[in-house]
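I have placed the structure first, in the form of structure tokens, so that the comments after it can refer back to it.
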There are 2 protein chains.
Amino acid sequence: MKMDDYKRFATEGYRVYVPNISIACTLLGFHDNKLKVLLLRWKGLDKWSLPGGFMKQDEDADEGAARILKERTGLDVYLQQYHTYTSLNRFTIDEPSQKKFKDTFGMEVLKGHWYDKRVIGIGYYGLAEYAKVTRIELDMITIDSRWWPVDDIPENMLFNHHEMIGGAMKALQRDVAHEPVCLKLLPSKFTMAELQCLYESILGYSLDRGNFRKKMMNAGILKDMGESTTRKAHKTPHLYSFDVRAYKKALQSGIIFKLQ
Amino acid sequence: MKMDDYKRFATEGYRVYVPNISIACTLLGFHDNKLKVLLLRWKGLDKWSLPGGFMKQDEDADEGAARILKERTGLDVYLQQYHTYTSLNRFTIDEPSQKKFKDTFGMEVLKGHWYDKRVIGIGYYGLAEYAKVTRIELDMITIDSRWWPVDDIPENMLFNHHEMIGGAMKALQRDVAHEPVCLKLLPSKFTMAELQCLYESILGYSLDRGNFRKKMMNAGILKDMGESTTRKAHKTPHLYSFDVRAYKKALQSGIIFKLQ
DNA sequence: ACAAAAGTGTTGTCCTTACACCCATGC
DNA sequence: GCATGGGTGTAAGGACAACACTTTTGT
């Protein structure tokens, strides 16, 4: 990274970006039987944030969110706008952090720049196949990236990004019955246990194993792809794929698991 | 209305409002067994619009939406943010309309003012008890107000407000299983037929009368308030009220009517 | 008596629930 | 053998769809 980049952003960015409208993306992946969210660590600040940025003047928010994640991951991920955050204080940075940032970049954070004002945040959630995300691009402002379990994200989150992840999870719970969420999160072949675990991770409660399998098979949305080749210390499970047409058809009337 | 008001808005408004962030409210009411939306007709333009306006610098979007509908109706209505519209051309006004507006106000619409730029729109839907909305406040820019059936709104809508009403209806369909939608739209006492008709209006398909009644009664969310006093040429129906606690409890696991 | 709307009942089917039981594998 | 996880079966109960039937009112 070059210091010039940040200086140019600070002094020229107002020509490219809409100064008071930002986009934040909660990119989710499913790995190790857990839902995980991609976070970036900010240089100097010792804070984690969602991938995001200002909306450009010549793009709409959908395009902006796609651009932001394309730049970071190289991928076109499934994106859904879920809420716009407008509270007056959501964009403020505490004094110690401002000082740290200044020490790193040799100039003030925010103060006096075009983005030193109230900024609203349009929240998107993104769904990606975890294994396909093979690299995360860092930039002038970020020093590290990591997948965090959604139920164990770090304390030191920037702005209101903690709240935003919570909102994304609530939206995902709302949408899982009617949107092809599992298709976007799982690899093309998966076991029944993985599918069930994904549902449980999203919904936040556990489901009966036998009944889950029956419901899925009766729905006619899965194709049996035969036995897994990876042998563990147990019976080898079958692998399944989505019958995409049937899955999307079933989503129209909803795939619903009631609590309890 | 005084012309001064508009001039002051055009020349001084940037001090009060966030120039590029607007709020649009799809206020819904249930009347005559139909869902209706409150629209305002613009002076000079011969166009209808949703109640809305710019977000103020010292309020968040929720407060802005509440303020806008409070000013118009005098009421605190149930409000839900559902989508933010950011397309580049959504705020443009066609040339003939600009001319009409100029003829009316004696000055250009948009051109050269602080709001002559890209504006995004945060969409809210509002739910009100129709009979409680007894007056609609007009202002410098509006000349008429009317409730329109949501399935028969006028052709000449301002900006992308037609699309926004569609989005509000989709959001309402999404939310009706889990949010106290019917409680907010119906009067305190209502007949079973009215409740069913409301559900059908929201969902967009019809339900079996006998089964609907059974499901509602079994859910234990209604209190039987005895017979209606208004006599028509038929058997007098019972009136019901929501058992609010039970209704909200039931909404946690969802009150779902599947298509077909 | 009749039409129209309100209220109730019936029947079969399907889904869900709560388990129990077997199978396959590596140690 | 045994622990572990994968796959299947079952019986009871509930929910739901599709009706038919009865009741009450004003004309």
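Keep in mind that this is a model prediction, so the values were computed, not measured. A note on names: the letters A, B, ... follow the listed sequences, proteins ahead of strands, and every chain is numbered from 1.
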Next item on the list: Starting from the 5' end of DNA chain C, give me the residue, A:T236 or A:G210, whose nearest nucleotide shows up first.
Entry: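 So the residue in question is A:G210.
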Notebook entry, point to check: Between B:R213 and A:K215, which has a closest nucleotide on DNA chain C that is more 5'?
Noted result: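 Counting from the 5' end, the first nearest nucleotide belongs to B:R213.
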Take atom [atom1] of [X] and atom [atom2] of [N], then tell me their distance rounded to the nearest Å.
X      : N      : atom1 : atom2 : value
B:Y205 : D:dA17 : OH    : P     : 10 Å
A:I256 : D:dA15 : CD1   : C1'   : 14 Å
B:E194 : C:dG7  : CD    : P     : 11 Å
B:F257 : D:dA18 : CZ    : C1'   : 16 Å
A:F212 : C:dC15 : CZ    : C1'   : 16 Å
B:L195 : C:dA6  : CG    : C1'   : 15 Å
A:H238 : C:dC23 : NE2   : C1'   : 11 Å
B:N218 : D:dG13 : CG    : P     : 17 Å

Side chain of [X]: nearest nucleotide among [options]?
X      : options              : value
B:Y240 : D:dG7, C:dT25, C:dG7 : C:dG7
B:H234 : C:dA5, C:dT25, D:dG6 : C:dA5
B:D208 : C:dA6, D:dA18, D:dG7 : D:dA18

Check: Centres of the B:F257 and B:F212 rings: under 6.0 Å?
Finding: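 Aromatic pair counts; centres sit under 6.0 Å.
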Check: Near A:K223 NZ, under 6.0 Å, is it more than 12 heavy atoms from other residues, nucleotides or ligands?
Finding: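 Atom NZ in A:K223 is packed in, count exceeds 12.
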Check: Taking everything shown except B:K248 itself, do over 12 heavy atoms lie less than 6.0 Å from its NZ?
Finding: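 No, not enclosed.
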Quick one: does [X] reach the base of [N] with a side-chain donor-acceptor pair under 3.5 Å?
X      : N      : result
A:N211 : C:dA18 : yes
B:K235 : C:dT8  : no
A:R209 : D:dG7  : yes

Checklist line | Test item: B:S22 side-chain N/O and B:I120 main-chain N/O as donor-acceptor pair under 3.5 Å | finding: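 At least one qualifying donor-acceptor pair exists.
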Check: What nucleic acid atoms does B:K214 come within less than 4.0 Å of, heavy atoms only: base, sugar-phosphate, or nothing?
Finding: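 Touches a base.
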Item checked: Qualifying residue for ring-ring contact (aromatic ring centres under 6.0 Å, His included) with B:W48, from B:W42, B:W147, B:W148 ->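 Checked B:W42, B:W147, B:W148 against B:W48; only one passes ring-ring contact (aromatic ring centres under 6.0 Å, His included): B:W148.
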